[in-house]
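Contents: one structure, followed by commentary.
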Protein chains: 2
Amino acid sequence: MTTDFPSPRPRGRPRKFDPEMAVATAQAMFLARGYDAVSVADITEALGINPPSFYAAFGSKAGLFARVLERYSRCNGLPLEELLRPGRPVDEALAALLEEAANRYAANAADPAAAGCLVLEGQRCNDPTAREAAGALNSAAVEAIRAFIAARHPAQAETLTDYVVAVLTGLSTAARAGQGRERLLATAGLAARAVRAALAS
Amino acid sequence: MTTDFPSPRPRGRPRKFDPEMAVATAQAMFLARGYDAVSVADITEALGINPPSFYAAFGSKAGLFARVLERYSRCNGLPLEELLRPGRPVDEALAALLEEAANRYAANAADPAAAGCLVLEGQRCNDPTAREAAGALNSAAVEAIRAFIAARHPAQAETLTDYVVAVLTGLSTAARAGQGRERLLATAGLAARAVRAALAS
DNA sequence: GAAAATCTGTAGTCATCGATATAAAATGCC
DNA sequence: GGCATTTTATATCGATGACTACAGATTTTC
């Protein structure tokens, strides 16, 4: 007997586009130009679809952005769990975090306009829903950093977290302003030395 | 005989509002909510005037923003010429710059929403004209910092400038996110120690 | 007081935004 | 083939953005 198999094709007229591909395309557009500067018309044009198809699939522009954020933090965001694995020396982990951020935020040759962090930049948009979605992801990341530091250096957790987050923010902005990987890495390296000095005291 | 005296009152119907006060009001609004989020309707309502009066006085929203930026850098921006006066020890000057930024970026009790730097935040808006106006002011400030460092530490000028600007950006963002003066000062202090260490090597 | 100059208030223009009503087209199931 | 289901395409909607045409009001100058 054949086991029950999920029908590879649901009933009704088939979709003309792949929602996962659409999310990936939208991710690149939001990263290159920012949430506010990308209109639904821009997206539907890029996907070769019409507005009703867009809204049937994603509900709203903010709904698509939530999908994009999920994909971004899964595929392109900083791998915090790996970087901040319990037991890793705090100075080493934070240095690796800063270096990884510099590498990821730098624009690559494939898409020179897409630089910086989608979560950090997304918090500056003018849509409250989208802003809060990005803010929630950012808060979780900040709390992860704080908890990692606090496990062994509770007295310095807040100050060091504030400092690291400030530098990450500056790196994202600098990347968007066009700074290349080398300059971002130099900034990250300087910041890492400050972290080391603060922990040694 | 009486000397020619510039008529204190020009011909025609007198203005119902003071343009200088209007620029000050708009500065507070732009700082609190950002360029894009403040509409011309918001401004005319706050000033108690109608759109034609606004456009007769300022030409455009971007035109008003240029006036606001001029006023901001004259009255509320970082006093770079004083902080980076020639001959001042570089580490001391940069530490003072970072500390001054933390103090100025922090929200005050009078207007809790107005935090951060108008020039840095203005570069993120979606209007090209306004963005370039803020960018020009920012570029001049960055170049002033770079030249000040290069006068005595040319080899480290670019790296240190990138680093200081990144931290300033992070401080402005953190201030807008609600961090109080103490936390901003702690971040600035950590950054200043990194500058000192980099210059001592 | 008449003329010239300048500002004000009413009432719009036009473009763009996010989002939708409606009906036709394309599929699976019976 | 006929029906239920789902997506598609056309053609908007209502709100809001920056900005302005026009006529009336208020002032100085002559």
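All chains are named by letter (A, B, ...) in the order of the sequence lines, taking the proteins before the strands, and each is independently numbered beginning at 1.
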Point to revise | Ring geometry between A:Tyr35 and A:Phe30 (parallel below 30°, tilted from 30 to 60°, perpendicular above 60°) | key: parallel
Nearest-angstrom distance from the residue atom [atom1] of [X] to [atom2] of [N]:
X       : N      : atom1 : atom2 : answer
B:Asn50 : D:dC22 : CG    : P     : 18 Å
B:Asp36 : C:dT16 : CG    : P     : 16 Å
B:Ile43 : D:dC19 : CD1   : C1'   : 13 Å
B:Leu47 : C:dC7  : CG    : P     : 16 Å
A:Ile49 : D:dT10 : CD1   : C1'   : 15 Å

Revision key, fill the gap. Per the under-4.0 Å heavy-atom filter, residues of residues 12-26 of chain B near DNA chain D come out as B:Gly12, B:Arg13, B:Pro14
Check your understanding: In residues 52-62 of chain A, which residues come under 4.0 Å of DNA chain C by heavy atom?
Key -> A:Pro52, A:Tyr55, A:Ser60, A:Lys61
Check your understanding: For the side chain of B:Arg176 and the backbone of B:Ala32, is there at least one donor-acceptor N/O pair under 3.5 Å apart?
Key -> yes
Exercise for review: Identify whether the distance between the nearest side-chain nitrogen and carboxylate oxygen of A:Arg67 and A:Glu20 falls below 4.0 Å.
Suggested key: yes
**Study point:** A:Glu143, CD atom: more than 12 neighbouring heavy atoms under 6.0 Å
**Key:** yes
Point to revise | Angle between terminal axes - the helix from C:dG1-D:dC30 to C:dC30-D:dG1, 5 pairs each end, rounded to 10° | key: 10°
Check your understanding: Taking the nucleotide of DNA chain D with the closest heavy atom to each, which residue, B:Pro51 or B:Ala37, is nearer the 5' end?
Key -> B:Ala37
